[in-house]
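A, B, ... follow the sequence lines: proteins, then strands. Residue 1 opens every chain.
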Amino acid sequence: MKYWLMKSEPSTYSIDDLKRDKKTAWEGVRNYQARNFMRDHMKRGDHVLFYHSNATPPALVGLATVCKESYPDPSQFDPRNKYFDQKATPEKPIWYLVDICFEEKFETPLSLEQIKNIRGLEKMLVVQKGSRLSVQPVEKKHFEHIVTMLSKHKGK
DNA sequence: GCCAACGTTGGC
DNA sequence: GCCAACGTTGGC
């Protein structure tokens, strides 16, 4: 079982959107490192911290799970899509994604500012300066720390 | 293979 | 809106 953090701008796709949809395809990731995590390492049942970037304040806002393992991102083949990639073909896809399913919206988000100031979480990738990765691994101890603090389903 | 120019991310 | 920190592109 692995743990991840996925970023989304709430104006693009928020935790409330995921709550409504129950499930979503994580389209539009165009960074190789993030792609590799999704394509090669994210497994069904892995836990995901949902993060709002470019938000006021930027914060962890909920939990999701990986509910479908990697497959080619369909948006790369669609010329009308903003994520269209001319170099990609269905025979040779470049970009991959996973589906994630809604688990929980935190009653109280955990802001980036708070994470920086909580002893034990200050080493998380997301608070490192210049960490722009939109899909990133999270250490088990960090995940559990956060779930213990925020989740209704503590310690599962 | 280097690296300058450019584009993007995301906190502030 | 600014800009630092990255990642990507493409000429050489």
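An OP1 or OP2 oxygen of C:dA4 is reached within less than 4.0 angstrom by no side-chain nitrogen or oxygen of A:Lys129. The shortest distance between the side-chain N/O atoms of A:Lys7 and the OP1/OP2 oxygens of B:dT9 is not below 4.0 Å. Of the side-chain N and O atoms in A:Tyr51, one or more sit less than 4.0 angstrom from OP1 or OP2 of B:dG11.
In this structure, A:Gln128 contributes its side chain and A:Leu125 its backbone to no donor-acceptor pair below 3.5 Å. Looking only at distances, no side-chain donor or acceptor of A:Glu122 sits under 3.5 Å from a matching main-chain atom of A:Arg119.
Rounded to an integer number of Å, the gap from A:His52 NE2 to B:dT9 C1' is 16 Å. The interatomic distance linking A:Tyr32 (OH) with B:dT9 (C1') rounds to 17 Å, in whole Å. Between A:Asn31 atom CG and B:dG10 atom P there is a gap of 9 Å when expressed in whole angstrom units. Between A:Met6 atom CE and B:dT9 atom C1' the separation is 16 Å, expressed in whole Å. As a whole-Å value, the separation of A:Leu125 CG from C:dA5 P is 17 Å.
Annotation: of the two residues near DNA chain C, A:Asn54 and A:Gly130, the 5′-most nearest-nucleotide partner is A:Asn54.
Both tests hold for A:Lys68 against A:Tyr71: distance to the six-membered ring centre under 6.0 Å, angle to the ring axis within 45°.
For an aromatic pair to be called close, the ring centres must be under 6.0 Å apart, and A:Phe37 with A:Trp26 fails this.
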Steps toward salt bridge (charged side-chain N to carboxylate O under 4.0 Å, His left out) verdict (A:Lys43, A:Asp46):
CA-CA 6 Å; A:Lys43 298 298 174 196; A:Asp46 282 1; over 6 Å; no

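Under a cut-off of 6.0 angstrom, the local environment of NZ in A:Lys19 is sparse, with at most 12 non-hydrogen atoms contributed by other residues, nucleotides or ligands.
Within residues 109-118 of chain A, the residues having any heavy atom closer than 4.0 Å to DNA chain B are, in order of number, A:Leu112, A:Lys116. Only at 4.0 angstrom or more do the heavy atoms of residues 84-93 of chain A sit from any atom of DNA chain B, so none qualifies. For the contact set between residues 8-17 of chain A and DNA chain C, defined by any heavy atom under 4.0 Å, there are no members.
Taking both residues in full, the closest heavy atoms of A:Met124 and A:His142 are given as CG-ND1, 3.4 Å, listed atom of the first, atom of the second, then distance. Contact record, A:Gly45 with A:Met1: O-SD, 3.0 Å, taken as the closest heavy-atom pair.
Residues A:Glu113 and A:Ile115 are not in side-chain contact: their nearest non-hydrogen atoms beyond the backbone lie 4.5 Å or more apart.
With 3.5 Å as the limit, one finds no donor-acceptor pair spanning the side chains of A:Arg30 and A:Ser134. In this model, no donor atom of one side chain and acceptor atom of the other lie less than 3.5 Å apart for A:Asp40 and A:Tyr96.
Checked by distance alone, A:Arg132 brings a side-chain donor or acceptor within 3.5 Å of a matching partner on the base of B:dT8.
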